[in-house]
Visitor: 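Questions regarding the structure given below will be posed in turn.
All heavy atoms count here, side chains included; hydrogens, waters and symmetry mates do not. Residue numbering restarts at 1 for every chain, and letters A, B, ... go by the order of the sequence lines.
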2 protein chains.
Amino acid sequence: MKRNSRLSSTLHILVHMAETQEHALTSEQLATFIHTNPVVVRRTIAGLRDAGIVTSSRGHGGGWQLGRAPEKISLAEISAALGETLLPFGTEPESPGCLVEQAVIAALDDFRVEAERLLAEKLSRITLADLAADFHRRYELIGVTSHAV
Amino acid sequence: MKRNSRLSSTLHILVHMAETQEHALTSEQLATFIHTNPVVVRRTIAGLRDAGIVTSSRGHGGGWQLGRAPEKISLAEISAALGETLLPFGTEPESPGCLVEQAVIAALDDFRVEAERLLAEKLSRITLADLAADFHRRYELIGVTSHAV
DNA sequence: AGACTCGTAACTAAGTAAGTTACATGAAAC
DNA sequence: GTTTCATGTAACTTACTTAGTTACGAGTCT
């Protein structure tokens, strides 16, 4: 798992879980999907469990499953549950008395609030089901291609 | 200069430069504004020079000045010149053959392209002159307050 | 010539996040 | 109830990124 790919990796995992709703997948299995360590998986998606996006169970036959239907899980929720920041830049004061800095921070914060609202809105329109559907589309395509060739 | 505050710090510097258009400011002076090192300043705003946002001159009386009027410098240009990414998450393939991953990356890239266009558009509407104007507003306010109290 | 300032390379230090190890906790199977 | 399997989590290591620093060459004004 590369840096800054937590959202992408988590989505990868979740789509696999959407494809396997009949039984739970272990962190071990999930880890192989994104070429990493089971512990990293557990740590990464722990927040999703708290948000009800996935459920986990221990012991024999345990593992991870979606907490609700893929249609009801939006990328906005996933991103939020991961604790991801949509915008990368910081605006914490470094010289609290400086009016120039205050003006800069005010402008940047306004922008940030508006931008985050916008991005969250966009992300909330994409669901896990959409990704799964796209996956199936690609799967069909490969199938057709294989027959054709 | 804290991490992830490059945009904010650079704006701070640029507004100061907008306030001092009659003469150049040295990296040394700029560095004190954002509590850092002259070399860090030079390194950080080197990209702005290449983009024509600022000019630099060497030797006695040298330093940095705005390359054009503050009204003509947008935050979008500044952000781009700094090489900042507006969106933090990565979408590079880690398992090139996996159709699930392909679907995830496709969705994320679509979102990213659209989101970046949107953010850049928003940032292009804010100019250095706007920040300077806000600074002056704050300055007046303090003045009034001082008189009142 | 001397003082000053940028340009840049090379190195150091600090902070962040992934990867790893280890072990406790809980649940199912036998 | 013991064994096996899986999560939960803490602690540590490693890799990477970026700010900070030092040093010095090159250009410019007095």
Visitor: May I have the distance from Asn4(B) (atom CG) to dT16(C) (atom C1'), rounded to whole angstrom?
Guide: 10 Å
Visitor: Separation of Arg6(B) atom CZ from dG20(D) atom C1', in whole Å?
Guide: 14 Å
Visitor: Output yes when a side-chain donor or acceptor of Gln102(B) lies under 3.5 Å from a complementary backbone atom of Pro96(B), and no otherwise.
Guide: yes
Visitor: Apply the hydrophobic cluster definition, ILVMFWY joined by side-chain contacts under 4.5 Å directly or through others, and give me every member besides Ile105(A).
Guide: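 Listed partners: none, Ile105(A) stands alone.
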Visitor: Which pairs of donor and acceptor atoms, one on a side chain in residues 6-24 of chain B, lie under 3.5 Å apart (sequence neighbours left out)?
Guide:
from: Arg6(B); atom 1: NH2; to: Leu82(B); atom 2: O; distance (Å): 2.5
from: Ser9(B); atom 1: OG; to: Ser5(B); atom 2: O; distance (Å): 2.9
from: Thr10(B); atom 1: OG1; to: Arg6(B); atom 2: O; distance (Å): 2.7
from: His12(B); atom 1: NE2; to: His16(B); atom 2: NE2; distance (Å): 3.1
from: Glu19(B); atom 1: OE1; to: His136(B); atom 2: NE2; distance (Å): 3.0
from: Glu19(B); atom 1: OE2; to: His136(B); atom 2: NE2; distance (Å): 3.3
from: Thr20(B); atom 1: OG1; to: His16(B); atom 2: O; distance (Å): 2.8
from: Gln21(B); atom 1: NE2; to: Ala18(B); atom 2: O; distance (Å): 3.1

Visitor: Identify the two heavy atoms, one from Glu101(B) and one from Glu94(B), that lie closest to each other, and give their separation to 0.1 Å.
Guide: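 Smallest heavy-atom distance, with atoms named: OE2-N, 3.0 Å.
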Visitor: Using whole Å, what does the distance between atom P of nucleotide dT18(D) and atom CZ of Arg3(A) come to?
Guide: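 Result: 7 Å.
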Visitor: Rounding to an integer number of Å, can you tell me how far Leu7(A) CG sits from dA18(C) P?
Guide: 13 Å
Visitor: Rounded off to whole Å, could you give me the CH2-to-P distance for the Trp64(B) and dT5(C) pair?
Guide: 14 Å
Visitor: So that I can tick it off, tell me whether Arg117(A) and Glu114(A) are bridged by a salt bridge, with the cut-off set at under 4.0 angstrom between side-chain N and carboxylate O.
Guide: yes
Visitor: Atom CG of Asn37(B) and atom C1' of dT22(D): how far apart are they, to the nearest Å?
Guide: 9 Å
Visitor: Taking all heavy atoms of Arg112(A) and all of Phe89(A), pick out the closest pair and write down the distance.
Guide: NH1-O, 3.2 Å
Visitor: What integer distance in Å separates Arg42(A):CZ from dT9(D):C1'?
Guide: 9 Å
Visitor: Report the nucleotide, chosen from dG8(D), dG20(D), dT22(D), that has the shortest atom-to-atom distance to any side-chain atom of Met1(B).
Guide: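 The answer is dG20(D), which lies nearest to the side chain.
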Visitor: Excluding sequence neighbours, so at least two apart, what forms side-chain hydrogen bond (donor to acceptor under 3.5 Å, both in side chains) with Arg42(A)?
Guide: Ser27(A)
Visitor: Can you check the Glu92(B) CD to dA18(C) C1' distance for me, whole Å?
Guide: 16 Å
Visitor: List the residues meeting side-chain hydrogen bond (donor to acceptor under 3.5 Å, both in side chains) with Arg43(A), not counting sequence neighbours, and say none if there are none.
Guide: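 By the side-chain hydrogen bond (donor to acceptor under 3.5 Å, both in side chains) rule, Arg43(A) matches no residue at all.
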Visitor: Among residues 8-28 of chain B, which ones have heavy-atom contacts with DNA chain D below 4.0 Å?
Guide: none
Visitor: Which residues, if any, of residues 43-61 of chain A bring a heavy atom under 4.0 Å of DNA chain D?
Guide: Arg43(A), Arg49(A), Ser56(A), Ser57(A), Arg58(A), Gly59(A), His60(A)
Visitor: Could you go through the side chain to side chain contact (heavy atoms under 4.5 Å, CB included) check for Arg68(A) and Ile53(A) one step at a time?
Guide: CA-CA 7 Å; Arg68(A) 52 177 181 275; Ile53(A) 296 170; 4.2 Å; yes
